[in-house]
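Reminder, nothing fancy here: chain letters follow the sequence lines and each chain counts from 1.
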Amino acid sequence: MAAENDFVKDITKKSVDFSAWYVDVVKKAELADYSPMKGMMVIRPYGYEIWELIRDQLDRMFKESGHRNAYFPLFIPESFLQKEAEHVEGFAPEVAWVTVGGGEVLEERLAVRPTSEAIICSMYSKWVKSWRDLPILYNQWANVVRWEKVTRLFLRTTEFLWQEGHTVHATAEEAEEETLRMLATYRTLAEDYLAIPVVTGRKSDSEKFAGAVRTYAIEMLMPDGKALQAGTSHNLGQNFAKAFNIRYESKEQKLEYAWQTSWGATTRLVGALVMTHGDDSGLILPPRVAPIQAVIVPISAGNWKETVLPQAQKVFSDLKAAGIRVFLDDRDAYTPGWKYADWEMRGVPVRVEIGPKDIDKQQAVLVSRLDRKKSFVPWDKLAEELKRLLEKIQGDLYAKALAFRDASTHELGTFAELKEAMAGGRGFIRCGWCGGADCEAKVKSEAAATIRVILDKPEPAAKACAVCGKDAPHTVLFAKSY
RNA sequence: CGGGGCGUAGCGCAGCCUGGUUAGCGUACACGCUUGGGGUGCGUGUGGUCGGUGGUUCGAAUCCACUCGCCCCGACCA
């Protein structure tokens with residue numbers, strides 16, 4: 001595989017071993033590393049900067065829709081967790097417990113939060129009295145712990161970072177509206193910022209959040225044909241309100257249980273970025289979430305520090321002033337070629353080369369990370385052209401991911417076809433479902449696939465259940481999931 | 001947690017089957033010169049209690065037992 005443009009040499013080829021490639025990219029691009037504790041990772045600055053860009057964008061969108069940030073405790077008393085029956089049953093197997101504090105055995109053990117419904121709802125029951133208190137639209141940025149048996153960098157770790165929104169409403173309609181609004185927010189983040197197309201829809205009962213009435217999700221399709229759940233939005237109905245006694249007095253002077261939602265997205269999104277856009281040379285970051293959007297590589301020839309470097313520095317400050325996240329790689333120890341490979345591995349969308357020839361011509365060379373295509377741009381047009389190129393890359397990445405997703409989504413009618421697809425190239429299988437848990441379970445046990453989403457208003461709608469052949473009120477997407 | 005694979009220098013590996021000098025190679029790192037528009041070249045160096053514990057043996061990276069970690073395939077999950 002020593003192809004002509006095979007410049008990055010210490011990464012397993014994506015096509016050869018996808019899992020090894022993924023780990024290589026995460027580690028070589030210095031996004032994260034394994035820690036001494038099993039299943040727990042260290043997010044390194046470059047990885048964290050990506051998360052910060054995602055986080056900041058989500059935070060802006062949350063605030064635009066009226067949400068406020070708050071912070072609730074890390075520990076949850078066991079009795080609180082047990083108030084909602086389905087909830088505790090769903091999370092109990094993966095909870096870490098604190099049993100000793102300050103050298104004393106605790107009277108009641110404390111759960112390290114796997115999610116915060118219990119602790120937040122206990123506070124909401126104190127704060128909600130009247131219809132005038134509603135809605136409550138809070139979000140928190142936090143870490144949670146889930147004792148997973150199998151972990152993978154970013155995709156599933158024992159501790160992870162996320163946001164969890166928790167809202168309280170006066171009516172069922174408002175809660176459903178909120179649930180769908182936040183689902184749409186996640187879609188916007190994924191498609192417009194991460195450049196990853198998603199399908200949205202409802203989860204089947206077996207896949208829904210423990211304690212929710214309805215769970216919606218955004219699902220992405222990864223290059224290995226497996227689906228990644230990248231954000232969830234739950235309509236909790238009155239389940240938690242009843243368990244935690246969250247009641248308000250209505251305008252009609254009646255005591256009513258409130259209606260709630262919760263929704264979350266995690267650092268898993270960073271893993272989704274890596275898998276979706278990366279290639280054999282490493283990471284490719286969509287410009288909108290790239291900590292470094294353009295890297296300037298001065299060509300270090302001869303007395304370059306006197307000739308080339310000053311111009312590179314000027315370009316750097318011009319681009320920075322134009323609002324571009326730019327980095328000047330003036331390291332003396334490395335040759336230009338080495339730097340090219342290094343920054344490609346780290347996924348920087350555009351490289352700006354400035355050398356002696358460019359000084360003469362008053363230009364710079366822009367090179368796209370996507371296709372290594374070069375363009376020669378006069379200094380006075382540089383910021384403008386670079387912005388245009390960044391937007392183009394953002395769009396191209398999305399288009400590429402969308403084309404893959406569409407090509408990997410198959411309309412299939414029978415169980416045999418479904419099984420065959422799962423054994424082969426996988427992907428999304430679009431088919432009918434009667435709604436029966438038996439049929440769903442059969443697909444899971446025999447084809448290792450689950451219903452990722454029940455599609456909202458499928459066009460065309462499937463006629464018959466792919467498993468049992470009976471009438472299919474639902475059209476669903478089956479896939480093998482992460 | 002079941003099945004499989006792998007742990008030897010920061011990273012990638014050889015050595016192990018068949019126990020025996022001072023444990024090698026590539027790369028990275030440090031220094032010098034050289035070079036510089038796709039991982040420059042040459043030289044000199046630094047760096048390893050061979051994942052851990054215990055055992056067998058005169059002697060263990062090598063054989064045995066246990067254990068920890070990582071990866072893949074299943075069951076559980078964001």
Side-chain angles (χ1 to χ4, degrees), chain A residues 3-12 17-24 27-28 30 33-41 90-95 114-115 144-164 186 203 206-210 215 217-220 224 226-234 263-272 281 297-305 308 331-345 351-359 364-365 367 372 374 376 423 444-445 448 450 480-482:
Chain A
E4 251 175 52
N5 50 1
D6 194 12
F7 298 123
V8 173
K9 299 190 172 81
D10 20 81
I11 295 176
T12 307
D17 183 341
F18 185 73
S19 291
W21 168 85
Y22 175 76
V23 174
D24 280 351
K27 292 184 76 170
K28 301 282 182 181
E30 297 182 344
D33 202 356
Y34 295 108
S35 81
M37 284 78 61
K38 180 182 170 141
M40 304 182 106
M41 69 171 188
F91 280 100
E94 46 186 6
V95 169
T115 179
V144 288
V145 168
R146 297 182 187 177
W147 219 264
E148 302 286 355
K149 295 193 168 116
V150 177
T151 58
R152 280 165 65 89
L153 294 168
F154 284 112
L155 303 175
R156 182 176 301 104
T157 47
T158 303
E159 178 189 15
F160 56 91
L161 306 183
W162 76 344
Q163 58 69 218
E164 45 180 327
Y186 290 141
K203 288 286 181 180
S206 71
E207 297 278 328
K208 78 175 166 60
F209 177 75
T215 287
I218 58 170
E219 291 276 336
M220 300 169 170
D224 59 350
K226 287 160 80 173
L228 188 75
Q229 180 171 311
T232 48
S233 188
H234 316 291
W263 27 275
T266 78
T267 36
R268 167 180 274 189
L269 291 171
V270 178
S281 297
V297 179
I299 303 307
S300 44
N303 59 339
W304 68 282
K305 282 189 179 168
V308 174
R331 290 176 294 178
D332 203 6
Y334 301 104
T335 59
W338 193 92
K339 291 177 182 176
Y340 298 169
D342 194 44
W343 291 110
E344 281 178 9
M345 193 167 69
R351 177 171 76 236
V352 182
E353 301 175 9
I354 300 175
K357 292 180 222 162
D358 306 307
I359 300 289
V365 186
V367 186
R372 297 197 174 103
K374 296 188 174 188
F376 303 87
K444 192 168 180 176
S445 63
T450 51
K480 198 174 156 71
S481 79
Y482 264 90

Identify, with sequence neighbours excluded, every residue that meets side-chain contact (heavy atoms from CB on, under 4.5 Å) alongside A/A448.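 Once residues adjacent in sequence are excluded, the partners of A/A448 under the side-chain contact (heavy atoms from CB on, under 4.5 Å) criterion are A/K480.
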Can you sort out the partners of A/V367 under side-chain contact (heavy atoms from CB on, under 4.5 Å), two or more places apart, ordered by chain and number?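 Only A/R351, A/E353, A/V365, A/R372, A/K374 meet the side-chain contact (heavy atoms from CB on, under 4.5 Å) criterion with A/V367.
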Heavy atoms from C-beta onward define the side chain here; which of B/C11, B/G38, B/G37 lies closest to that of A/R372?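 Looking only at side-chain atoms, A/R372 lies closest to B/G38.
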Given B/G38, B/G37, B/G36, identify the nucleotide with an atom nearest to the side chain of A/D358.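 Nearest nucleotide to the side chain: B/G37.
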Using a 4.0 Å heavy-atom cut-off across all strands, classify [X] as base, sugar-phosphate, or nothing.
{"X": "A/K339", "value": "nothing"}
{"X": "A/V365", "value": "base"}
{"X": "A/E353", "value": "base"}

Output the rounded distance in Å from [atom1] ([X]) to [atom2] ([N]).
{"X": "A/E344", "N": "B/G37", "atom1": "CD", "atom2": "C1'", "result": "14 Å"}
{"X": "A/N303", "N": "B/G36", "atom1": "CG", "atom2": "C1'", "result": "12 Å"}
{"X": "A/K28", "N": "B/G10", "atom1": "NZ", "atom2": "P", "result": "13 Å"}
{"X": "A/Y334", "N": "B/G41", "atom1": "OH", "atom2": "C1'", "result": "17 Å"}
{"X": "A/I299", "N": "B/G37", "atom1": "CD1", "atom2": "P", "result": "7 Å"}
{"X": "A/E30", "N": "B/A28", "atom1": "CD", "atom2": "P", "result": "15 Å"}
{"X": "A/D24", "N": "B/A28", "atom1": "CG", "atom2": "P", "result": "17 Å"}
{"X": "A/W304", "N": "B/U34", "atom1": "CH2", "atom2": "P", "result": "16 Å"}

Can you check the distance between [N] and [M], where both ends of the measurement are the [atom1] atom (answer in whole Å)?
{"N": "B/A30", "M": "B/U21", "atom1": "C1'", "result": "30 Å"}
{"N": "B/A60", "M": "B/A23", "atom1": "C1'", "result": "13 Å"}
{"N": "B/G43", "M": "B/A28", "atom1": "P", "result": "14 Å"}
{"N": "B/U27", "M": "B/G20", "atom1": "C1'", "result": "31 Å"}
{"N": "B/U34", "M": "B/G41", "atom1": "C1'", "result": "7 Å"}
{"N": "B/U57", "M": "B/U46", "atom1": "P", "result": "38 Å"}
{"N": "B/U53", "M": "B/G7", "atom1": "C1'", "result": "16 Å"}
{"N": "B/C73", "M": "B/G36", "atom1": "C1'", "result": "48 Å"}

Specify the residue among A/E219 and A/V367 whose closest nucleotide of RNA chain B lies further upstream toward the 5′ end.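 Between the two, 5'-proximity favours A/V367.
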When you match A/L228 and A/G355 each to their closest nucleotide on RNA chain B, which lands nearer the 5' end?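 Residue closer to the 5' terminus by nearest nucleotide: A/G355.
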Can you measure from CE (A/M41) to OG1 (A/T151) and round to the nearest 0.5 angstrom?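 Going from the CE atom of A/M41 to the OG1 atom of A/T151 covers 10.0 Å.
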Classify the ring geometry of A/W162 against A/F160: parallel below 30°, tilted from 30° to 60°, perpendicular beyond 60°.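 Answer is perpendicular, since the angle exceeds 60°.
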Watson-Crick or G-U wobble partner of [N], both distances under 3.5 Å:
{"N": "B/G2", "value": "B/C73"}
{"N": "B/U53", "value": "B/A65"}
{"N": "B/U27", "value": "B/G10"}
{"N": "B/C58", "value": "B/G20"}
{"N": "B/G36", "value": "none"}

A correct 5'-to-3' footprint of nucleotides 67-77 of chain B, with B, S and - meaning base, sugar-phosphate only and no protein heavy atom under 4.0 Å, is --SSSS-BBBB
For [X], all residues meeting ring pair (Phe, Tyr, Trp, His ring centres under 6.0 Å), sequence neighbours excluded:
{"X": "A/F91", "result": "A/H87, A/F209"}
{"X": "A/Y482", "result": "none"}
{"X": "A/W304", "result": "none"}

Would you check if A/L153 and A/Y34 make a side-chain contact, meaning some heavy-atom pair closer than 4.5 Å?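 SC-SC contact between A/L153 and A/Y34 confirmed.
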Confirm from the modelled atom types if A/R351 and B/G38 form a donor-acceptor pair under 3.5 Å, side chain to base only.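 Checked by distance alone, the answer is yes.
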With no angle test and no hydrogens, is the base of B/G39 tied to the side chain of A/D342 by a donor-acceptor pair under 3.5 Å?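 Between B/G39 and A/D342, which were checked side chain against base, a qualifying N/O pair under 3.5 Å is absent.
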Could you pull out the closest heavy-atom pair between A/V308 and A/P356, with the gap in Å?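 Residues A/V308 and A/P356, closest heavy atoms: CG2-N, 3.8 Å.
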